Amino acid sequence: MKNILVTRSSMPSYEEYCEEIKELWESHWLTNMGVKHQKLQDELEKKLDVPHVILYTNGHLALENILAAMNLPKGSEVITTPFTFASTTHAIVRNGLVPVFCDINEEDYTIDVSKIESLITDKTSAIVPVHVYGNICNVKEIERIANRYELKVIYDAAHAFGVEYKGKNVASLGDASMFSFHATKVFNTIEGGAICFKDDSLVQILNDMKNFGIHGQESVVFVGGNAKMNEFQAAMGICNLRHIDDEVKKRKKAVEHYRLRLSDINGIILCDYQKDVKSNYAYFPVVFDEKKFGSSRNEVFVALNNAGIGARKYFYPLTSSFECFHNSYAAATPIAMYISNRVLTLPLYADLSIDDVDRICDVILSLGKK
Ligand code: T4K
């Protein structure tokens with residue numbers, strides 16, 4: 001039987017991509033904000049309904065740069081969650097900022113907004129909430145707190161491409177939102193990412209940061225780095241964007257079948273659909289309560305692996321416990337700890353067949369209490 005990986009990159013047909021990159025062979029213009037870069041940027045501004053999209057070679061550098069662009073005082077504190085990919089916390093630390101870990105809530109695993117205010121000190125400069133799995137944070141409450149304490153809000157929206165809240169794309173929430181277009185994402189540009197925002201004054205600084213601060217052949221005005229998306233990445237994005245609605249529809253089908261098989265099983269906890277949110281079906285997290293279900297997350301993980309199924313422990317361990325931080329940012333986040341020790345994200349991608357979903361669910365359900 002074939003192996004099933006946790007995800008599988010969506011790609012256009014070979015012919016469609018070749019057609020899109022044909023002119024690159026004619027022009028020999030491969031990077032440095034060429035025509036494909038411009039086209040994708042314009043198309044995304046329309047699609048995401050946001051005044052500014054700045055493309056990046058990956059989501060992580062986009063997040064690092066937008067945090068730098070906010071000019072937060074060095075050593076100031078940034079409230080965030082540890083239930084995320086390494087990138088979120090690394091971007092904060094690599095900017096000379098101090099992550100202050102807030103717990104997540106039990107419903108959708110995003111930041112527990114009722115606990116943010118107790119973490120605010122006179123050193124707090126920003127909040128970096130994560131729309132984890134594409135679940136949208138309590139954005140209204142975050143906005144209220146940020147306004148009250150004059151804090152910047154930069155969303156890690158790596159998982160939330162195409163998600164809408166109350167009919168509006170999430171790209172324009174907060175001071176800025178970072179999206180990842182990595183190969184494993186709902187929308188990919190091979191590697192890639194973007195910062196989306198409304199404030200016109202950020203455009204120049206982000207462009208300077210991603211291209212050495214070069215303004216002309218004889219003018220370098222800013223000590224920037226290099227984080228440009230190249231033309232082949234942008235061409236992949238242009239193609240994938242044509243199919244994004246179909247991509248989400250296919251993922252939805254797989255998710256609905258997972259829900260059909262795994263809802264109402266004692267000891268299996270699924271996230272509910274969020275109110276007022278149009279989902280992108282980015283991930284399918286399942287939490288196993290060993291006492292009720294009869295098997296632990298780790299036992300399910302091993303059994304799936306033995307059956308050739310690559311579920312993943314996104315996100316275990318918590319970033320706050322990474323050895324690279326040597327306990328510097330230790331914090332009590334009991335819900336995050338609980339979920340991180342029990343969660344598995346099951347395989348999910350557009351071409352995942354209903355038969356494959358059944359095969360995965362059969363293995364899982366065979367481990368439950370009889
Ligand atoms: N913030 C958050 C909350 C994030 O989750 C991420 C990235 C970021 C920020 C940073 O964005 P980027 O800088 O990455 O744009 C993967 C991804 O590399 C990473 O983008 C993602 N989050 C994270 C959640 O997952 P790994 O180490 O688990 O990936 P890997 O290589 O094990 O791949 C997983 C599966 O995907 C494979 O089993 C098969 C499939 N796959 C993988 C690749 C590389 C493909 O089908 N095609 C491929 O090209 O991190």
Side-chain angles (χ1 to χ4, degrees), residues 2-12 17 54-67 78 80-95 99 101 104 108-111 128-137 154-161 163 170 176-196 210 225 227-230 232-233 236-237 240 247 251 280 282-285 301 304-305 308-320 322 336 340 343-352 356 360:
K2 73 172 176 17
N3 284 352
I4 303 174
L5 298 178
V6 70
T7 195
R8 188 163 187 265
S9 299
S10 284
M11 296 168 80
Y17 187 63
I54 304 286
L55 296 177
Y56 272 82
T57 193
N58 60 56
H60 177 76
L61 286 173
L63 189 57
E64 269 197 32
N65 277 9
I66 186 62
L67 281 169
V78 174
T80 187
T81 48
F83 187 68
T84 183
F85 191 55
S87 170
T88 320
T89 309
H90 284 7
I92 294 168
V93 173
R94 286 170 61 82
N95 268 290
F101 290 110
I104 58 173
D108 55 32
Y109 317 142
T110 63
I111 193 163
V128 176
V130 184
H131 297 312
V132 69
Y133 304 134
N135 290 342
I136 298 311
C137 302
I154 295 105
Y155 282 104
D156 181 333
H159 299 176
F161 185 86
V163 178
V170 297
S177 293
M178 177 281 289
F179 293 89
S180 165
F181 304 153
H182 184 263
T184 54
K185 296 294 186 285
V186 170
F187 168 70
N188 87 75
T189 59
I190 308 173
E191 289 255 11
I195 302 290
C196 299
K210 77 175 202 186
K228 293 166 289 177
M229 176 180 281
N230 71 48
F232 290 85
Q233 291 173 284
M236 182 62 99
N240 281 335
E247 164 84 23
R251 285 171 169 269
N280 64 356
Y283 292 84
F284 192 72
F301 177 77
L304 286 169
N305 238 340
I309 297 163
R312 290 295 278 270
K313 299 176 192 175
Y314 294 139
F315 291 99
Y316 172 88
L318 297 177
T319 64
S320 49
F322 284 176
S340 177
V343 73
L344 266 191
T345 53
L346 301 184
L348 183 57
Y349 44 90
D351 292 332
L352 184 70
D356 283 343
I360 296 160

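The structure displayed is predicted, hence computed values, not measured ones. Just follow the structure's listing: the first ligand is 1, and inside any ligand the first atom is 1. Computed over heavy atoms, backbone and side chain alike; hydrogens, waters and symmetry mates excluded.
- When the options Tyr314, Phe83, Phe85, Phe181 are ranked by their closest heavy atom to atom 28 (O) of ligand 1, first place goes to Tyr314.
- Numbered from 1 in the order shown, with element, the atoms of ligand 1 that lie under 4.0 Å from a heavy atom of Thr84 read 3 (C).
- Look at Gly192 and you'll find a heavy atom under 4.0 Å from some atom of ligand 1.
- Near Ser87, with a cut-off below 4.0 Å to any heavy atom, the atoms of ligand 1 are 8 (C), 9 (C), 10 (C).
- Atoms of ligand 1 lying under 4.0 Å from any heavy atom of Arg312, numbered from 1 in the order shown and given with element: 26 (P), 27 (O), 28 (O), 32 (O), 34 (C).
- Residue Ala183 has at least one heavy-atom neighbour below 4.0 Å for each of these atoms of ligand 1: 48 (C), 49 (O).
- Per-residue contacts place Tyr283 under 4.0 angstrom from the following atoms of ligand 1 (heavy atoms of the residue considered): 24 (C).
- If you check which protein heavy atom lies closest to atom 46 (O) of ligand 1, you get Ser9 N, 2.9 Å.
- An N or O contact shorter than 3.5 Å links His159 to ligand 1 by distance.
- Using a distance-only test at 3.5 Å, with no hydrogens or angles considered, a donor-acceptor pair links the side chain of Asn135 to the main chain of Asp108.
- Remark: atom 31 (O) of ligand 1 lies closer than 4.0 Å to no protein heavy atom.
- Short contacts between ligand 1 and Thr7, defined as distances under 4.0 Å to a heavy atom of the residue, involve ligand atoms 35 (C), 36 (O), 39 (C), 40 (C), 46 (O).
- For Asn58 (side chain) and Ser180 (main-chain N/O), no donor-acceptor pair under 3.5 Å exists by modelled atom type.
- In this structure, Met178 counts as a contact residue of ligand 1, since one of its heavy atoms falls inside 4.0 Å of the ligand.
- In this structure, Tyr316 places its OH atom where only 12 or fewer heavy-atom neighbours from other residues, nucleotides or ligands lie under 6.0 Å away.
- For Glu191, no heavy-atom contact with ligand 1 is shorter than 4.0 Å.
- Residues Gly134 and His159 come closest through the heavy atom pair N-CB, 3.3 Å.
- Remark: of the listed residues Thr80, Asp156, Thr319, Thr81, Thr319 is the sole one forming a side chain to side chain donor-acceptor pair (under 3.5 Å) with Thr89.
- One N or O on the side chain of Ser340 and one on the backbone of Phe315 form a donor-acceptor pair closer than 3.5 Å.
- Taking any N or O of His182, backbone or side chain, at least one lies under 3.5 Å from an N or O belonging to ligand 1.
- Backbone and side-chain nitrogen or oxygen atoms of Asp156 are examined, and one is located within less than 3.5 angstrom of a nitrogen or oxygen of ligand 1.
- Partner of Leu346 under the side chain to side chain contact (heavy atoms under 4.5 Å, CB included) criterion, chosen from Leu304, Ile4, Val6: Leu304.
- Between Val132 and Phe83 there is a side-chain heavy-atom pair separated by less than 4.5 Å.
- No side-chain donor-acceptor contact under 3.5 Å links Tyr17 to the backbone of Met11.
- Residue-to-ligand polar distances keep Val6 apart from ligand 1: every N/O pair is separated by 3.5 Å or more.
- Two residues are said to be in side-chain contact when any heavy atoms from C-beta on lie closer than 4.5 Å; Val78 and Ile154 fail this criterion.
- Proximity to Thr184 (heavy-atom distance under 4.0 Å) selects the following atoms of ligand 1: 17 (C), 20 (O), 33 (O), 34 (C), 36 (O), 42 (C).
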